[in-house]
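In what follows, chains carry the letters A, B, and so on, assigned in the order in which the sequence lines appear, proteins first and then strands, with residues in each chain numbered from 1. Owing to the predicted nature of the structure, the values given are computational and were not obtained by experimental measurement. Any value given below was found using the heavy atoms of this structure, including those in side chains, with hydrogens, waters and symmetry copies removed.
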Protein chains: 2
Amino acid sequence: MSPMDVPRPALTRDRIVSAAIGLIERRGAEAVSMRAIAAELGVGVMSLYNHVPSKSALLDGVAERILGGVEFEAAPGEHWTDQVRGQCRAFRQIALHYPRSTLVVMTRQLRAPSGLRPVERALATLREAGFAGETAVHVFRAVIAYLTGSLLREVGVTPALAPAPRDPAALEDAVAAGFPHIAALAPVLGRCDHAAEFEFGLELLVRAIEALPRDAAQV
Amino acid sequence: MSPMDVPRPALTRDRIVSAAIGLIERRGAEAVSMRAIAAELGVGVMSLYNHVPSKSALLDGVAERILGGVEFEAAPGEHWTDQVRGQCRAFRQIALHYPRSTLVVMTRQLRAPSGLRPVERALATLREAGFAGETAVHVFRAVIAYLTGSLLREVGVTPALAPAPRDPAALEDAVAAGFPHIAALAPVLGRCDHAAEFEFGLELLVRAIEALPRDAAQV
DNA sequence: GGCTTCGTACGTACGGTGTACGTCCCCCTC
DNA sequence: GAGGGGGACGTACACCGTACGTACGAAGCC
């Protein structure tokens with residue numbers, strides 16, 4: 001009959017994940033509910049559970065999908081420090097592309113390959129740069145920590161101190177409350193060029209890593 | 001009458017905040033509900049709203065209380081690099097003292113003085129070390145990013161890659177899936193001494209900051 | 001072709017959430 | 001004692017995740 005002539009595209013885990021991502025980016029992570037996703041797909045709520053065991057697993061799928069979209073391939077002859085920079089910037093790019101999903105992606109610990117591929121690439125770069133196993137992991141974890149903090153700030157999960165002292169009243173309050181340095185730096189604290197801050201800290205880290213002793217320096 | 005002879009301690013914003021912190025630490029942040037807090041205090045749910053305008057404001061209070069408990073005073077003659085280290089470690093101490101509240105504290109942007117005091121102390125240290133305003137803020141933000149990422153990992157909000165390859169099967173999977181470096185480093189990746197990792201990255205950052213040009217070096 | 005089987009979509013229902021609203025009662029002031 | 005104000009409380013609403021039972025359409029078998 002006619003309902004068969006307009007078959008909706010089959011309900012699928014992939015379509016559900018896509019709808020969830022769209023919903024998060026459009027209306028925020030806390031607006032995501034199974035009902036909202038079902039409505040978006042024009043489908044009953046419980047039909048989702050035929051393809052996804054739980055909301056938590058669905059969010060795992062969101063993280064996996066987003067993480068899988070990063071481009072991690074390095075230019076062949078690139079210096080290892082530039083490879084590190086490139087991998088960090090690749091991470092930043094996806095975070096900016098899916099800003100409101102960033103916290104979701106970062107808080108899910110996934111064992112799936114899409115989560116391990118960036119780890120593999122980073123460790124490869126560091127070991128080829130001449131860092132022994134133990135040191136490579138230390139460096140890796142330090143960089144990850146910086147990345148996590150930077151990106152969570154940039155997407156607004158964590159405060160940036162940015163729009164605070166826009167008005168002079170807050171500034172007066174600051175100096176009156178015994179915060180002279182904050183008052184003095186208010187114009188600088190009021191702005192936050194995320195790209196510049198990211199590069200500043202990244203350069204700081206890369207230079208520090210470069211100064212570390214290596215077992216077998218190459219290139 | 002007799003109900004007056006056993007007067008419950010007056011319901012108070014402070015007591016509500018304390019109950020919330022206790023609940024978060026005992027049963028996790030997602031177990032916090034107005035009903036659970038009220039039950040903990042032996043009180044009706046809606047009575048809470050006489051002292052707290054909303055759950056969000058209550059969580060602000062939690063963040064404020066915890067942040068206010070940090071000890072930021074520096075030893076007088078201390079070198080500025082040791083002051084930086086000390087302030088970072090102070091932050092880590094509260095994070096470890098309230099592990100399950102850490103995400104709540106970090107994701108709330110508060111304008112209250114208790115949130116600004118650590119900022120003021122950090123900026124004072126950096127400016128006294130001879131960093132001009134702009135640079136001081138850049139350095140401050142880089143350190144904050146590292147702190148955020150480190151502590152969120154340590155309290156378990158963000159994955160640590162730690163207990164993954166406990167069993168040899170996962171390791172075999174890793175090498176089979178084309179992750180040779182992960183496989184090779186599995187024993188190192190399997191452990192994560194958070195204190196050591198924290199100090200490693202902190203040292204990396206402090207040395208890098210020390211190498212930065214300063215307008216007026218002192219001490 | 002007829003029958004069975006199975007996967008998927010769906011409606012209903014339960015226990016949870018934050019909180020708006022109205023009521024009641026105790027205590028303080030006059 | 002009378003009046004008033006503030007805090008404690010119960011109820012109610014809209015929403016959440018999801019367990020459970022049902023109904024229907026396609027596929028396999030005789």
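- The cationic atom of B:Arg92 (NZ for Lys, CZ for Arg) lies less than 6.0 Å from the six-membered ring centre of B:Phe198 and within 45° of the ring axis.
- The distance between atom CG of A:Leu48 and atom P of D:dG17, rounded to the nearest whole Å, is 10 Å.
- In this structure, OH of A:Tyr49 is placed 11 Å from P of D:dC16, rounded to the nearest angstrom.
- Judged by a 6.0 Å distance limit and a 45° cone about the ring axis, B:Arg117 is not positioned over the six-membered ring of A:Phe179.
- Distances from the side chain of A:Val43 to the nucleotides D:dC9, C:dC10, C:dG18 place C:dC10 closest.
- As rounded to whole Å, 17 Å separates atom C1' of C:dA13 from atom CE of A:Met34.
- In terms of phosphate contacts, A:His51 brings no side-chain nitrogen or oxygen within less than 4.0 Å of OP1 or OP2 of C:dG7.
- Using a 4.0 Å heavy-atom cutoff across all strands shown, B:Val32 reaches sugar-phosphate atoms only and no base atom.
- Put simply, B:Ser33 has a side-chain N or O that comes within less than 4.0 Å of OP1 or OP2 on C:dT17.
- As a whole-Å value, the separation of B:Met46 CE from C:dT17 C1' is 13 Å.
- Atoms CG and CD1, on B:Leu48 and B:Ile16 in that order, are 4.5 Å from each other to the nearest 0.5 Å.
- Checked by distance alone, B:Arg35 brings a side-chain donor or acceptor within 3.5 Å of a matching partner on the base of C:dG18.
- Rounded to an integer number of Å, the gap from B:Ile37 CD1 to C:dT19 C1' is 14 Å.
- Rounded to whole Å, atom P of C:dA20 lies 14 Å from atom NZ of B:Lys55.
- Taking OG of A:Ser150 as the start and CD1 of B:Ile144 as the end, the distance is 11.0 Å to the nearest 0.5 Å.
- The CD-C1' distance, from B:Glu30 to C:dG18, rounds to 17 Å in whole Å.
- Rounded to whole angstrom, the span from the CG atom of A:Asn50 across to the C1' atom of D:dA19 amounts to 13 Å.
- Contact annotation: A:Ser47 reaches the phosphate of C:dC10 (side-chain N/O to OP1 or OP2, under 4.0 Å).
- Not a single donor-acceptor pair under 3.5 Å links the side chain of A:Ser47 to the backbone N or O of A:Val43.
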